[in-house]
Amino acid sequence: MSTLKLGWVGLGNMGNPMVKNLLKGGFEVTVFNRTKNKEQALVEAGASSANSPQYLVENCDVVLTMLSDDKAVKEVFEGANGFLSKPYPGKLFIDMSTVSPDTSRYLSKLCSSYGMNFLEAPVSGSVKPAQDGTLIILAGGDNENYEKAKPIFDKLGKLSLLLGGAGVGSSAKLAINYLLGLNLQGLAETILFAEKNGVNKQDMLTIVNEGACGNGITKLKSASILNNDYPAAFALKHLVKDLRLAKEAGLNYPLISPLSESYNNAQKQGLGEEDVMAIMKWLEKQ
Ligand code: NAP
């Protein structure tokens with residue numbers, strides 16, 4: 001049983017299984033989610049519920065966030081009843097959402113101006129690694145805060161790395177999601193091209209997955225492709241955000257623009273809430 005009392009904001013596809021692992025790992029966790037009914041299953045699993053983010057700051061040693069985007073994270077820190085509405089010097093905040101490096105640097109400075117500590121810790125890996133506790137945690141911040149967070153990370157992931165100061169972890173996260181976007185768009189185009197020319201989906205997926213081009217993500221997404229069913233593990237709208245953030249952070253190689261455009265168009269066609277692999281559905285119509 002850890003003595004650190006944890007607060008957690010954001011119980012979406014990722015936050016929910018991550019908190020479950022912290023409870024299983026012996027942490028006392030108090031949760032807050034904007035949509036309250038998403039807290040129910042975790043309360044049944046042993047979590048307590050808070051009525052505001054501010055309550056977590058008052059009552060917990062470390063407060064973690066796993067929220068959609070930069071705007072949501074800033075609102076939870078700076079909004080009414082947010083973390084900073086009544087500062088408690090010495091508290092540690094860990095943001096595990098995928099946000100821009102600039103937002104992480106901004107929050108790090110802001111927290112420090114109140115005598116509070118901030119560590120960014122976005123994750124590589126989707127819902128299954130979140131459930132299995134095998135995420136890869138990409139931290140940015142001070143070593144002292146990282147060491148304090150390490151027992152928490154050990155319950156959430158198979159690996160955590162302190163990559164540099166605030167912003168460096170987010171940059172690593174945007175870089176790996178660029179590769180994810182390329183992989184999935186490439187897989188979708190490959191399967192569709194083969195199918196158009198008489199190769200069935202199952203056979204083409206076997207060729208990909210049994211050969212040198214197969215990888216963890218091509219294997220993970222094969223069932224969805226075969227069933228033409230894309231329930232969100234990693235919602236397509238989040239990759240649209242991540243590619244935009246990568247571009248804004250200076251990623252300007254030849255494939256970023258067509259890749260962003262492709263996922264953007266899929267989102268405009270109403271596929272934003274489906275899994276990122278639903279890019280297949282949009283490409284199929286081209
Ligand atoms: P999600 O299922 O869409 O959940 C988003 C969470 O943010 C929900 O709890 C939502 O609350 C909350 N939220 C959004 N706007 C808010 C606001 N203005 N104020 C307070 N709460 C707000 O997202 P997710 O898939 O868990 O992803 C979370 C983060 O991790 C994202 O940055 C994503 O890019 C990143 N990520 C996701 C994956 C993945 O595979 N899913 C993998 C790695 C990283 P409500 O319940 O009230 O809507």
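Both ligands and their constituent atoms are indexed starting at 1 by order of listing.
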With sequence neighbours excluded, give me every side chain to side chain donor-acceptor pair (under 3.5 Å) pair touching residues 276-286. Glu274-Lys281
What is the distance from atom CG of Leu220 to atom NZ of Lys128, rounded to the nearest 0.5 Å? 8.5 Å
Parallel, tilted or perpendicular, judged at 30° and 60°: which one describes the rings of Phe93 and Phe83? parallel
Looking at Lys74, I want to see if its NZ is surrounded by more than 12 non-hydrogen atoms of other residues, nucleotides or ligands under 6.0 Å. yes
Please check if the side chain of Lys241 supplies one atom and the backbone of Ser68 the other of a donor-acceptor pair under 3.5 Å. yes
Check the pair Arg244, Glu248 against salt bridge (charged side-chain N to carboxylate O under 4.0 Å, His left out), reporting the backbone distance first and the verdict last. CA-CA 6 Å; Arg244 173 178 55 77; Glu248 287 168 8; 3.4 Å; yes
Just to be sure I understand the cut-off, which residues have at least one non-hydrogen atom under 4.0 angstrom from an atom of ligand 1? Gly10, Leu11, Gly12, Asn13, Met14, Asn33, Arg34, Thr35, Lys38, Met66, Leu67, Ser68, Ala72, Glu75, Val76, Ser97, Thr98, Val123, Gly125, Ser126, Lys173, Ala233, Phe234, His238, Lys241
